[in-house]
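Each ligand, and each atom within it, is numbered from 1 in the order the structure gives.
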Amino acid sequence: MKGTFLTDVQEIRKRARQHVEQGAVTEGYRADRETVIKLLNEALATEIVCVLRYKRHYFMATGIHAEPVAKEFRQHAAEEQEHADEIAERITQLGGEPNLNPDGLLSRSHSEYAEGESLTDMIREDLIAERIAIDTYAEMARYFGEDDPTTRRMIEGILAKEEEHANDMADLLAAFDPTKG
Ligand SMILES: [Fe+2]
Ligand SMILES: [Fe+2]
């Protein structure tokens, strides 16, 4: 059927009626649903760990330079939470269940929960976590490709945000240590 567009309206309507319990997942869905859900649950764990790490950094940021940095940490925590919600929503659309079990959260996550001692440590750890997220989301987007364009577009949107986050952290790091620009 490759190259031909399904125009038989009757057929499309019949198919849609057949598996209504599958919600948004139709017979035209080409990706491996189980794998997509598993990958999205790993991404969900990653986002939650990022929320927790940025929250921790927000509350622990001290010193004369802390205020603008803490503000940035807080904003990132809120944006990681938005990502987590988007991903959880997509998992349910695909007929899966978002895994929000704190048990095993860290092992499902791609990024680490690094507390960091100084403000610079915290920023560096956040930059590392963002770079991990960028790599894994880029890989995921390639994997979803044309088989699940909706999930791919969502991940690409999140990826763009993580790139902004990484850039923010790199700028802060450079501001604290001009040799590391
Ligand atoms: Fe995120
Ligand atoms: Fe991020």
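- Glu80 contributes OE2 as its N, O or S atom closest to the Fe ion (ligand 2).
- Among the atoms of Glu79, no N, O or S atom falls under 2.8 Å of the Fe ion (ligand 2).
- Geometry about the Fe ion (ligand 2) gives an angle of 100° between OE1 of Glu162 and ND1 of His165, rounded in steps of 10 degrees.
- The minimum heavy-atom distance between Glu117 and Met122, with the atom names listed, is O-CE, 3.8 Å.
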Would Arg56 and Glu115 count as a salt bridge (Lys or Arg N to Asp or Glu O under 4.0 Å) if you check the C-alpha gap in whole Å, the side-chain angles of each, and the deciding distance to 0.1 Å? CA-CA 7 Å; Arg56 157 84 187 191; Glu115 293 182 340; 3.4 Å; yes
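- His83 contributes ND1 as its N, O or S atom closest to the Fe ion (ligand 1).
- Screening Asp148, Val36, Asp85 against Arg90 for a side chain to side chain contact (heavy atoms under 4.5 Å, CB included) leaves a single residue, Asp148.
- For the pairing with Glu47, the side chain to side chain contact (heavy atoms under 4.5 Å, CB included) check across Gln81, His83, Glu82 returns one residue only, His83.
- Nearest N/O/S atom of Glu47 relative to the Fe ion (ligand 1): this is OE1.
- Looking only at atom types and distance, the side chain of Asp126 has no donor-acceptor partner in the side chain of His76 under 3.5 Å away.
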